[in-house]
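Only one structure is covered here, and it is reproduced in the block below.
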Number of protein chains: 4
Amino acid sequence: MDSGRLTIRKRKTLSDQLYGQILEQIVSGTLEQGEKLPSENQICSAFGVSRPVVREALRKLQDDGLVEARRGVGSFVRKRPPQRLIEFATADSVSGLMRAMEARMVVEKATAKLAAQRAGSHEIARIEAALKALDDTMQRREVARDADFDFHLAVAEASGNEVFVTMLNAIRDVMERAIDVAQSITREGSQSRIDRVVREHRQVYEAIVARDAEAAGLSMAYHLLQSRQRVTDYAREE
Amino acid sequence: MDSGRLTIRKRKTLSDQLYGQILEQIVSGTLEQGEKLPSENQICSAFGVSRPVVREALRKLQDDGLVEARRGVGSFVRKRPPQRLIEFATADSVSGLMRAMEARMVVEKATAKLAAQRAGSHEIARIEAALKALDDTMQRREVARDADFDFHLAVAEASGNEVFVTMLNAIRDVMERAIDVAQSITREGSQSRIDRVVREHRQVYEAIVARDAEAAGLSMAYHLLQSRQRVTDYAREE
Amino acid sequence: MDSGRLTIRKRKTLSDQLYGQILEQIVSGTLEQGEKLPSENQICSAFGVSRPVVREALRKLQDDGLVEARRGVGSFVRKRPPQRLIEFATADSVSGLMRAMEARMVVEKATAKLAAQRAGSHEIARIEAALKALDDTMQRREVARDADFDFHLAVAEASGNEVFVTMLNAIRDVMERAIDVAQSITREGSQSRIDRVVREHRQVYEAIVARDAEAAGLSMAYHLLQSRQRVTDYAREE
Amino acid sequence: MDSGRLTIRKRKTLSDQLYGQILEQIVSGTLEQGEKLPSENQICSAFGVSRPVVREALRKLQDDGLVEARRGVGSFVRKRPPQRLIEFATADSVSGLMRAMEARMVVEKATAKLAAQRAGSHEIARIEAALKALDDTMQRREVARDADFDFHLAVAEASGNEVFVTMLNAIRDVMERAIDVAQSITREGSQSRIDRVVREHRQVYEAIVARDAEAAGLSMAYHLLQSRQRVTDYAREE
């Protein structure tokens, strides 16, 4: 491995740690909603990291909707994620979980579309079973990590393309941790919140059964988008 | 692992083998372009496999543009891939290579878009270096497997999302074999064919440099589509 | 205009009329959910139309999720739309309204994405005003046709591309009728249904304000998908 | 119509005029490739327009790849379009032509996908006839405006959704002018350039015939992207 790649890797690791430290201050309220973050220079010296590391951390916080950049003015706290986010995951690892959500939106939109076109009765039965287990477990207010993962894996299996299954299995660890966090936050929420999560999964299932590829891909992408927002936005908790 | 999943897996393996055997007959000319394939029933008994296996193999041949289904009439050979396809890859493995191409179109369209939005100067330099190595190697009519893989990995690194890199690395083996086959077929083609492959990569690079996310994603998807067609269509060899 | 095009046009008009007549039988319950439709031949002679006309009508009913084709068996009623659908629109015109929904999903996904990237403060203020009017009017259980249309037009204006505005204005008539039908069905539904429609619009608005192009496009496409389903699926009425 | 909307409209008109004047200076070489543009303030006073007008013009020039913004430094000329661009169209109108290209990429990607799924033999014959006329006319180095427009309209007719046809007809005027400009620039180029334009159309046609929706949509979007670049990039002329 050449040194150019090593430099990129190192920057990524450091930026994820810095992301975690800024995140902790936002969650704890040390940095309040609407408050201006210190300047890039100040962050560089406060944390002893280089400017590219700071920029990458801020860019990721921005991509995740936690921070907002105003051109020529600076970065501001946009929203405050629930406390649970850094209890269930270490703050360091949250950036990785968010990147996994981004990648899943791409891959699983495709698996859902293909599943609607190609799933046989066996594959549909597997998706249905996972959906039922998810519904039952969530209604009991337990963490439905296995059922949730199974649902998404069953959709990938139904895509008729094993390569997507291999890809999801390659990130199984980070997917499961992301599901854990999301499920933990949901099960402490209102009944309507639990119902909404179940309904999002059901819409994916129904579009696959109806052989509506466009609706299946869209429902999956929407579900993952909502899931990402539930995890980062405390105020959305209804 | 439950038996339902095992059944699905076994069907996939058998269907890929059957795919390979039909493919061999198309490449060798035993089944000519435009010729009608035996019926599902006939294939079932000739190869001793179940109907779902036959259907999956035919569906895949159809998705890859090799076979065409006419409703209520049967399946017909659509085009004849180059001999090289089953020399460089075993016939059994071709179906897997084609599925990898499909998955890459999804994932790499996203990495190219994100790279256009997020790549720093380090990442762009890496992509440029891989492009130069690819161009030099191909102009010498050598197989540019490493440079080709490096180019695509460098774009993934530039996406600012390590999860995509993990996904591509998880299918590195099948990606490299697919690149091998495509490169082998290309380097025996005309100079204009070699130029075209290099140009497709250059368009991706230029769109990333120009920060044009739409153009970057589109150029990457188009390149992979063309690549898939070069591998399956003998007649396109110019 | 050449005769080939005339033939296509005539087939489209006839197929929309046939669509309307089958739709009426589904809404009235003459054709029950799960019931098999007459064969293509039977429909040809019953309505005195050619086979291409019948196929196009059935294909459209299928695209809209009202009818389901089982290969080699025939077509079956999938779901029963609310009575309101053919009260507010003539049965003849429903097919056209559904095609407008399909086109809007394509165009407005793009306008929402671009609005997130390009909207200035003026444009955002217009979208916000339309959202407020929509919310107020719907909470009073009135038909918010103007506010609804204004919302979608304001998003198009915010895309920074007048051509999209021209396109939406060119179909304004059919868009307004589709909005009328959807709004009429919604306002007679439960409060939670009204809240859902308002929330879908709000999500689009919030994604634009947050400059999240991916989320904006996805939320818009999801809203139009849901809207299409509310109009065609009686059972979804909660 | 309220005053907010009038303000937005007026800004758009003025920004398109300013776009045209800056474009003229780039084409004539008054502003050289790589040269820094005057600051926003300087442009405001030189042309007597407000800052939002200047920003919109610069944003459009950037979207079209003609100008590049370097954060905190200013805007620079990226590439020089061919002289022909402002001979065939007035400089004022070029911005509108470019916006039409952007909208067409969205709409026609969808029409090509749907055509691959729904086109009957009549519709395919129409597309084929337009392709043949386009090829013949371009090989004679004449401007194939009608054949080009017919090709794209025939694909829209084949989408099975009249609303897309209505949308394209609503922008027929600007589409025809854009085709005129592109065709005029192409017919004065090399033979390989003419062949490339014909091949791009043929790829769309072949994907529709092969019922490959993904390939059809991608080939159409790629063709329009290339077309946009041919019009704006003098150096690409080979």
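We name chains A, B, ... by the order of the sequence lines, and we start the count at 1 in each one. What's counted below: heavy atoms across the whole structure, side chains too, no hydrogens, waters or symmetry copies.
- Contacts with chain C were tallied for Ser95(D), Ala110(D), Gly160(D), Ala125(D); Gly160(D) has the most, counting heavy-atom pairs under 4.5 Å.
- Note that OG1 of Thr166(D) is 13.0 Å distant from CZ of Arg99(C), once rounded to the nearest 0.5 Å.
- Atom CG of Asp16(D) sits about 8.5 Å away from atom CD of Glu162(C), to the nearest 0.5 Å.
- For chain C, the option among Glu123(D), Lys109(D), Arg55(D) with the highest count of heavy-atom pairs below 4.5 Å is Glu123(D).
- In this structure, the separation between CZ on Arg118(D) and CG on Asp63(C) is 4.0 Å, given to the nearest 0.5 Å.
- Looking at Asn169(D), there are no atoms closer than 4.5 Å to chain C (heavy atoms on both sides), in backbone or side chain.
- Residues Val107(D) and Val106(C) come closest through the heavy atom pair CA-CG1, 4.4 Å.
- Counting heavy-atom pairs under 4.5 Å between each of Ala103(C), Gly96(C), Ala170(C) and chain D puts Ala103(C) at the top.
- Chain C forms more heavy-atom pairs under 4.5 Å with one residue of Arg104(D), Glu56(D), Glu102(D) than with any other, namely Glu102(D).
- Around atom CD of Gln62(D), more than 12 heavy atoms belonging to other residues, nucleotides or ligands sit under 6.0 Å away.
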